[in-house]
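Here the structure is laid out as structure tokens; the discussion comes afterwards.
On a predicted model such as this, the values are computed, not experimentally measured, just so you know. Just so you know, ligand 1 is whichever comes first in the structure, and atom 1 is the first atom listed for that ligand. Computed over heavy atoms, backbone and side chain alike; hydrogens, waters and symmetry mates excluded.
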Amino acid sequence: MRFVRFHTGNNVPTYGWIYGEQVGLIDGTPFGEYRRMEAGIDLASIQLLAPTEPSKIICVGRNYVDHAKEHGVDVPEVPMLFLKPPSALLATRLPIMLPPQSSQVEHEAELAVVIGRRGRWIAPNDAKDYIFGYTIANDVTARDLQRRDGQWTRGKGFDTFCPVGPWIETEMDPYDQLITCRVNQDVRQMASTRDMVFSVQQLIAFASSVMTLEPGDLILTGTPAGVGPLTPGDIVQVSIEGIGELTNPVVEEP
Ligand code: MG
């Protein structure tokens with residue numbers, strides 16, 4: 001099933017489910033008990049929100065060999081974790097804002113795991129029980145600031161630097177799906193998730209050995225090779241087989 005979040009007429013954020021080209025309201029939350037209401041809202045007529053409200057956005061650096069190579073670094077021996085703040089979340093179709101502090105902002109197309117159950121010290125074999133579904137993310141990065149600072153909080157943490165969506169897909173096999181990033185229709189990144197260094201299960205096990213995972217939390221699983229610059233006026237489209245497409249224009253921060 002596909003779940004979305006959007007504003008209802010009285011401006012209250014709510015979850016919905018997709019049936020064909022229509023959306024129905026969810027009474028409750030998809031992470032707990034809920035009831036699906038009849039689907040009668042035209043999907044094309046609503047501005048979606050980021051499809052989850054994570055307590056944290058856990059990211060993984062250098063999880064594809066070819067991406068590590070293009071930056072001249074080795075693949076890490078254990079997953080390299082960092083966090084993006086929830087304030088960086090951005091819905092599909094809304095603009096990524098290039099901050100004045102950076103002159104090198106880049107896209108990073110990534111598969112994102114949405115956690116469904118609270119857990120700590122999750123064994124790799126149990127990890128699937130903690131997955132609610134999958135969505136698409138763009139780990140937007142101010143590469144110059146990431147390099148200059150030595151650690152990544154500023155370069156990865158600006159508002160709008162975490163586009164996520166358009167929805168959560170609950171029925172998907174994440175192990176061999178094509179990830180593509182296009183900028184103004186030019187293909188910049190294209191790879192299969194089978195080229196990940198650490199699998200989704202290994203990442204869940206590793207992250208949960210550090211911090212408690214909560215329902216709605218996101219794990220961004222790393223980007224393949226081909227990251228490149230974003231400039232004002234660009235349109236970035238990240239698509240993942242089996243999920244859909246996340247599209248964002250790029251503007252200068254006003
Ligand atoms: Mg990344």
(request) Kindly indicate, with the supporting measurements, whether the criterion side chain to side chain donor-acceptor pair (under 3.5 Å) is fulfilled by Asp195 and Ser192. (result) CA-CA 6 Å; Asp195 296 332; Ser192 167; 5.4 Å; no
(message) I'd like to know if Arg62 and Glu70 make a salt bridge, using a cut-off of under 4.0 Å between side-chain N and carboxylate O.
(response)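 Salt bridge between Arg62 and Glu70, a charged N being under 4.0 Å from a carboxylate O: no.
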(message) Do the side chains of Arg5 and Glu53 get close enough for a salt bridge, i.e. N-O under 4.0 angstrom?
(response)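 Result for this pair is yes, salt bridge flagged.
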(message) Can you list everything that forms a side chain to side chain donor-acceptor pair (under 3.5 Å) with His107? Sequence neighbours excluded, please.
(response)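 Checked His107 against side chain to side chain donor-acceptor pair (under 3.5 Å); matches are Arg188, Gln189.
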(message) Using ring centroids (six-membered ring only for Trp), state whether Phe198 and Tyr64 fall under 6.0 Å.
(response) no
(request) Could you name all protein N, O or S atoms found under 2.8 Å from the Mg ion (ligand 1)? (result) Glu108 OE1, Glu110 OE2, Asp139 OD2
(request) Using atom types as modelled and distance alone, determine if a side-chain donor or acceptor of Trp152 lies under 3.5 Å from a backbone N or O of Arg147. (result)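 Pair absent, no side-chain N/O of Trp152 close to backbone of Arg147.
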